[in-house]
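To keep things clear, I will list the structure first and then write my remarks on it.
In this chain, numbering begins with 1 at the start of the sequence shown.
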Amino acid sequence: METETATRWLTEDEQCTWRTHLEVNKLLMHQLEKDLQPFGLTNNDYEILVNLSESTDRRMRMSDLAAATLQSKSRLSHQITRMENSGLVRREHCESDRRGLYAVLTDEGVATMQKVAPHHVASVRRHFIDLLEPEALAELRASLKPVAEHLRGSRGKL
């Protein structure tokens with residue numbers, strides 16, 4: 001039999017920190033998305049392009065790409081279809097697994113990354129990195145690391 005425990009409500013400081021985190025995350029993602037719009041890309045598009053550009057042979061199995069981008073296989077499939085129509089990626093069959101598919105970055109996708117990446121990095125700097133002192137960045141990274149590790153460990157348990 002389970003025993004109930006009292007809810008540990010957030011203190012005023014904890015709630016302020018939590019809500020500031022939520023606001024910064026939403027506002028920053030909105031701004032980064034807005035800064036990608038002139039290139040015809042979304043944050044999801046850019047994340048896929050980054051993952052593929054950093055992968056061996058500029059390709060990833062669709063299931064691995066879905067896991068890396070925290071998207072369902074169905075949602076990723078629709079996203080890849082849109083990106084295929086734009087010429088940024090293509091699908092290839094997996095020789096070792098007839099049911100498996102790869103998402104592959106095209107030459108046009110590489111050219112797009114080369115054009116967009118400097119603008120995206122400038123946006124990240126302007127709206128986040130350059131607003132914090134190096135010591136604050138180090139503290140933030142150290143503070144967020146256990147949260148990231150916990151959530152990565154929980155992914156398979158959800």
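At a threshold of 4.5 Å between side-chain heavy atoms, the hydrophobic network of Ile, Leu, Val, Met, Phe, Trp and Tyr places Trp18 and Leu140 in two separate groups. By the criterion of side-chain heavy atoms lying less than 4.5 angstrom apart, applied directly or through intervening Ile, Leu, Val, Met, Phe, Trp or Tyr residues, Leu52 is grouped together with Val110 in one hydrophobic cluster.
Atom NE2 of residue His78 and atom CD1 of residue Ile80 lie 12.0 Å apart, to the nearest 0.5 angstrom.
In terms of modelled atom types and a separation under 3.5 Å, the side chain of Ser53 and the main chain of Val50 share a donor-acceptor contact. Although no hydrogens or angles enter the test, the distance criterion places a donor-acceptor pair under 3.5 Å between the side chain of Glu33 and the main chain of Asn43. In terms of modelled atom types and a separation under 3.5 Å, the side chain of Ser55 and the main chain of Met60 share no donor-acceptor contact. Side-chain atoms of Asn85 do not come within 3.5 Å of backbone N or O of Arg82 as any donor-acceptor pair. Asn51 places a side-chain N or O within 3.5 Å of a backbone atom of Glu47 that can act as its donor or acceptor partner.
Contact record, Leu32 with Ser123: CD2-OG, 3.2 Å, taken as the closest heavy-atom pair. When all heavy atoms of Ser63 and Lys73 are compared, the pair lying nearest together is CB-CE, 4.0 Å. For the residue pair Ala117 and Tyr46, the shortest heavy atom distance occurs at CA-OH, 3.5 Å. Considering all non-hydrogen atoms of both residues, Asn44 and Arg75 come closest at ND2-NH2, 2.8 Å. When all heavy atoms of Val116 and Leu36 are compared, the pair lying nearest together is CG1-CD2, 3.6 Å. Closest non-hydrogen pair, Thr81 versus Arg91, comes out as OG1-NH2, 2.7 Å.
Residue-environment remark: NE2 (His119) exceeds the threshold of 12 foreign heavy atoms within 6.0 Å. Residue Glu149 qualifies as enclosed at atom CD: its count of foreign heavy atoms under 6.0 Å is above 12.
Results of the salt bridge (charged side-chain N to carboxylate O under 4.0 Å, His left out) test with Glu92 over Arg59, Arg58, Arg61 single out Arg59 as the only residue that passes.
Defined by atom type and a distance below 3.5 Å, a donor-acceptor pair is present between the side-chain atoms of Asp35 and Gln31.
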